[in-house]
Amino acid sequence: MQPMILYKKLFDHFGLQHWWPGNSSFEIAVGAILTQQTAWTNVEMAIENLKNAKMLDTEKIASSDLKYLEELIRPSGFFRQKAGYLKNFCQQIIDNHDGSIEKLLGGELQSVRKELLAFRGIGPETADSILLYAGNYPTFVVDAYTIRICQRTGMFDSKKYDEVKAFFEEKVKLDAQVYNEFHALLVELGKNHCTSSNPKCENCPVNNGCQYPRRTVQSGSQSQR
DNA sequence: ACCCAGGTGTTTC
DNA sequence: GAAACACATGGG
């Protein structure tokens, strides 16, 4: 199955996703860091805490007491690492972009991406999420669901982030709005159907041609494709 | 009670 | 390089 066919099926089934939840670029970026390997409902609690404490602000976080920040974001899990990530992220924005994430997100895609990837705690998925959902850059976001769906549908078999990203950007015209919906839809499919606890993809709305279990191991032959 | 979640960094084969 | 591990809370 080709990516755009999958996209249409997902869109027909799930409809518009209205991502990313969040009212500002900064809130989206904070959410992107907090949601790493964590359910979004937990992140909502952490962001609510930050809002109530009036801490959703680059200067406030950068100058905050680390222990205090940890307590505020505790519900989002891995709170000690993430508190450090957030402080560092905010400090970088202050040092290099006058404390304005809009300025950070005003540069050329590849150079901003490179800058984000250099921050501690910001890997490829978080960087692309910030670029796409906070900066509206046409960069495809890959996550564990994307990789699993690619493998089970037989669409593309790789666990390497950059390879999967390149595959989609090659097959799907560079368009921030389409990439926005596509990633959100893949997450929806991943959460509801293409889960690790539903390895046979039962009741999947798009499972035509699903090849799970992917292959019966052939001893000796290693040829791909 | 166990498993999982919209990853990342470090350590170890 | 790939694989294994640490990081942690809250919901199903």
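Note that the coordinates shown come from a computational prediction; the quantities given were computed from them, not determined experimentally. Each chain gets a letter, A, B and so on, in the order its sequence line appears, and its residues count up from 1.
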Query raised in the report: From the 5' end of DNA chain C to its 3' end, which nucleotides mark the outer limits of contact with chain A, defined by a 4.0 Å heavy-atom distance cut-off (strictly under)?
Result: C:dA2 to C:dG10
Report summary line: Sorted by number, residues from residues 33-42 of chain A placing a heavy atom under 4.0 Å from DNA chain C are A:Gln37, A:Asn42
Query raised in the report: Can you name the residues that form a ring-ring contact (aromatic ring centres under 6.0 Å, His included) with A:Phe156, not counting sequence neighbours?
Result: A:Phe167
Query raised in the report: What pairs with A:Tyr179 under ring-ring contact (aromatic ring centres under 6.0 Å, His included), at least two apart in sequence or on another chain?
Result: A:Phe140
Query - Side-chain touch A:Asn42/A:Met45, heavy atoms, less than 4.5 angstrom - result: yes
**Report entry** Pairs flagged by salt bridge (Lys or Arg N to Asp or Glu O under 4.0 Å) wherever residues 34-48 of chain A is involved - sequence neighbours left out
**Finding:** none
Report summary line: Atom CG of A:Asp143 and atom P of B:dT8 are separated, to the nearest Å, by 10 Å
**Report entry** Minimum side-chain heavy-atom gap A:Phe182-A:Val141 below 4.5 Å
**Finding:** no
Report summary line: Within residues 169-186 of chain A, the residues having a heavy atom closer than 4.0 Å to DNA chain B are none
Query raised in the report: For DNA chain B, what residues of residues 114-126 of chain A have any heavy atom nearer than 4.0 Å?
Result: A:Phe119, A:Arg120, A:Gly121, A:Ile122, A:Gly123, A:Pro124, A:Glu125, A:Thr126
**Report entry** Side chain proximity check, A:Asn96 to A:Leu104, heavy atoms < 4.5 angstrom
**Finding:** no
**Report entry** Donor-acceptor under 3.5 Å (A:Gln2 side chain, A:Ile5 main chain)
**Finding:** no
Query raised in the report: What salt bridge (Lys or Arg N to Asp or Glu O under 4.0 Å) pairs are there with at least one residue in residues 9-21 of chain A, not counting sequence neighbours?
Result: none
Requested in this report: Could you tell me whether the side chain of A:Leu69 reaches within less than 4.5 Å of the side chain of A:Leu50, counting heavy atoms only?
Outcome: yes
**Report entry** B:dT8 and C:dG10, which share atom name P, separated by this distance in whole Å
**Finding:** 22 Å
Query raised in the report: Less than 4.5 Å apart, any side-chain heavy atom of A:Phe14 and any of A:Asn192?
Result: yes
Query - Pairs flagged by salt bridge (Lys or Arg N to Asp or Glu O under 4.0 Å) wherever residues 74-89 of chain A is involved - sequence neighbours left out - result: A:Glu71-A:Arg74
Requested in this report: Look at all strands and tell whether A:Ser197 reaches a base, only sugar-phosphate, or nothing, counting heavy atoms closer than 4.0 Å.
Outcome: nothing
Requested in this report: With sequence neighbours left out, write down each residue that passes side-chain hydrogen bond (donor to acceptor under 3.5 Å, both in side chains) with A:Asp98, or none if nothing qualifies.
Outcome: A:Lys103
Query raised in the report: Do side-chain atoms of A:Ser100 reach the backbone of A:His97 as a donor and acceptor pair under 3.5 angstrom?
Result: no
Report summary line: Applied to residues 125-134 of chain A, the salt bridge (Lys or Arg N to Asp or Glu O under 4.0 Å) test, sequence neighbours excluded, yields A:Arg113-A:Asp128, A:Asp128-A:Lys165
Requested in this report: Answer yes or no: is there a side-chain heavy-atom contact under 4.5 Å between A:Gln36 and A:Phe78?
Outcome: no
**Report entry** For DNA chain C, the residues among residues 70-87 of chain A that have a non-hydrogen atom under 4.0 Å from it
**Finding:** A:Arg74, A:Pro75, A:Gly77, A:Phe78, A:Phe79, A:Arg80, A:Gln81
